[in-house]
Amino acid sequence: MNRNATSFLKEEYDELVKKSFDWKLRILESGSTPHSIVDGKKVIMLCSNNYLSLSNHPRLIKSSIEAADKFGAGSGSVRAIAGTMKLHIEVEKRLARFKRTEASLIYQTGFAANAGLIPQLVTKEDIIISDELNHGSIIDGVRLTKAARAVYKHRDMGELENVLKEADKKHKRILIITDGVFSMDGDIAPMDKIVKLANEYGAMSYVDDAHGEGVIGEDGRGIGAHFGIEGKIDVEMGTFSKAYGVVGGLIAGSQDLVNFALNKSRTWLLSGSHPPAVAGAQLAAIDVLETEPEHVKNLWDNTNYFKKELISMGFDTGDSETPITPVIVGESSKAKELSNKLFEEGIFALPIVFPMVARDKARIRTMMNAGLTRKDLDFTLDKFEKLGKQLDII
Ligand SMILES: *Cc1c(COP(=O)(O)O)cnc(C)c1O
């Protein structure tokens with residue numbers, strides 16, 4: 001057959017551009033700091049996951065440099081063969097202590113944790129029950145299994161219980177899996193209720209707390225601490241790439257979980273371990289969370305102030321309970337216009353549009369940063385108010 005093997009590359013890309021669904025990359029010319037230089041412009045950073053500004057914290061930078069100096073630029077191997085350094089083990093010990101669980105395991109990324117562990121927890125006789133708004137990396141992990149799948153309405157415990165009743169009759173293992181903090185709306189999964197239902201029906205509980213770690217719970221210990229159920233969630237999964245300011249996936253739970261996960265997760269077994277500099281920075285991030293509570297406190301002070309002011313101006317911030325505050329504007333084109341105008345005014349906040357959210361719920365997703373001052377926030381709020389009126393949003 002006479003075919004052009006690669007013509008789809010351009011065709012599909014052109015289609016994305018036509019629909020304005022292609023990513024137009026903004027380029028950082030500085031570190032990811034509360035005031036960053038993006039595409040040559042000095043802006044207030046309102047869309048990074050670096051909630052606590054730890055990525056540029058002197059202790060993280062120093063620890064990272066020292067680890068590289070001492071142990072080199074790379075680890076030389078996958079963890080299972082010759083790539084486990086003392087530093088990696090130290091991070092896992094410190095993290096388990098911080099999260100008050102028996103043990104923890106570090107993956108290359110949060111995505112690799114979900115894609116590696118979820119497929120090992122269930123077989124074709126089993127079922128996975130997911131919140132309808134779960135993150136893409138959970139969805140991909142689920143796709144790698146042969147288990148049956150069920151979805152419950154977002155945070156709807158009545159529906160979850162109905163699904164559990166059915167699942168209880170038909171399946172061997174049951175895995176309930178949910179985001180902890182939902183990344184589009186900034187609301188929190190009712191993890192206390194989920195764990196209770198899981199216990200009633202003999203199901204496993206798995207939470208992806210990527211946006212909760214370093215943010216919610218005492219000193220940023222995450223969703224277990226937030227609900228006072230530390231050690232009761234079967235799998236607490238998270239990431240060092242957000243509030244911790246580095247990179248790397250993590251799971252925390254029982255020693256049995258960690259023994260199982262490291263012997264079974266293909267992403268962990270078949271992909272290189274973190275360079276020493278990464279492990280060094282992770283260690284310092286845990287240290288900072290344990291000894292400098294002011295970062296989490298500032299994050300929440302900023303969040304509460306910013307949200308309150310936005311609401312009093314008449315903006316719709318949805319169900320947000322966290323430093324992720326969506327400013328819902330309606331149509332996609334309006335969200336894009338608002339984002340562009342904010343950027344011209346010196347504020348970097350991205351629009352989130354269909355298909356990531358419903359067609360009529362396009363929004364600017366703001367992510368608060370502990371390093372912003374009250375003056376920065378007032379400046380930002382002023383611009384939101386001015387443009388909100390200009391675009392007929394408020
Ligand atoms: C960011 C994110 C991930 C991926 O984490 P990485 O460590 O960046 O790969 C997984 N799940 C959720 C909910 C996330 O927000």
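First listed ligand is number 1; within each ligand, the first listed atom is number 1. Note that these values count all heavy atoms, side chains included, but never hydrogens, waters or copies made by symmetry.
Listed by chain and number, the residues in a salt bridge (charged side-chain N to carboxylate O under 4.0 Å, His left out) with Glu200 are Lys196 (sequence neighbours excluded). Partners of Ser63 under the side-chain contact (heavy atoms from CB on, under 4.5 Å) rule, at least two apart in sequence or in another chain, are Ala284.
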Anything under 3.5 Å between an N or O on ligand 1 and a protein N or O? List each pair with its distance, or write none.
{"unit_1": "ligand 1", "atom_1": "7 (O)", "unit_2": "Gly110", "atom_2": "N", "d": "2.7"}
{"unit_1": "ligand 1", "atom_1": "7 (O)", "unit_2": "Thr239", "atom_2": "OG1", "d": "2.6"}
{"unit_1": "ligand 1", "atom_1": "7 (O)", "unit_2": "Ser241", "atom_2": "OG", "d": "3.4"}
{"unit_1": "ligand 1", "atom_1": "8 (O)", "unit_2": "Ser241", "atom_2": "OG", "d": "2.9"}
{"unit_1": "ligand 1", "atom_1": "9 (O)", "unit_2": "Gly110", "atom_2": "N", "d": "3.2"}
{"unit_1": "ligand 1", "atom_1": "9 (O)", "unit_2": "Phe111", "atom_2": "N", "d": "3.0"}
{"unit_1": "ligand 1", "atom_1": "11 (N)", "unit_2": "His135", "atom_2": "ND1", "d": "3.2"}
{"unit_1": "ligand 1", "atom_1": "11 (N)", "unit_2": "Asp208", "atom_2": "OD1", "d": "3.3"}
{"unit_1": "ligand 1", "atom_1": "11 (N)", "unit_2": "Asp208", "atom_2": "OD2", "d": "2.5"}
{"unit_1": "ligand 1", "atom_1": "15 (O)", "unit_2": "His211", "atom_2": "NE2", "d": "3.1"}
{"unit_1": "ligand 1", "atom_1": "15 (O)", "unit_2": "Lys242", "atom_2": "NZ", "d": "2.6"}

If you look only at distance, which donor and acceptor atoms sit under 3.5 Å apart when one is on a side chain in residues 257-265 and the other is two or more places apart or in another chain?
{"unit_1": "Asn259", "atom_1": "OD1", "unit_2": "Gln255", "atom_2": "NE2", "d": "3.0"}
{"unit_1": "Asn259", "atom_1": "ND2", "unit_2": "Gln255", "atom_2": "O", "d": "3.4"}
{"unit_1": "Asn263", "atom_1": "ND2", "unit_2": "Asn259", "atom_2": "O", "d": "2.8"}
{"unit_1": "Ser265", "atom_1": "OG", "unit_2": "Tyr107", "atom_2": "OH", "d": "2.7"}
{"unit_1": "Ser265", "atom_1": "OG", "unit_2": "Ala261", "atom_2": "O", "d": "2.8"}

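Checked by atom type, the side-chain pair Ser137/His135 shows a donor-acceptor distance below 3.5 Å. Using modelled atom types, one finds a donor on one side chain and an acceptor on the other under 3.5 Å when comparing Asn114 with Tyr206. A side-chain N or O of Tyr305 and one of Asp378 form a donor-acceptor pair less than 3.5 Å apart.
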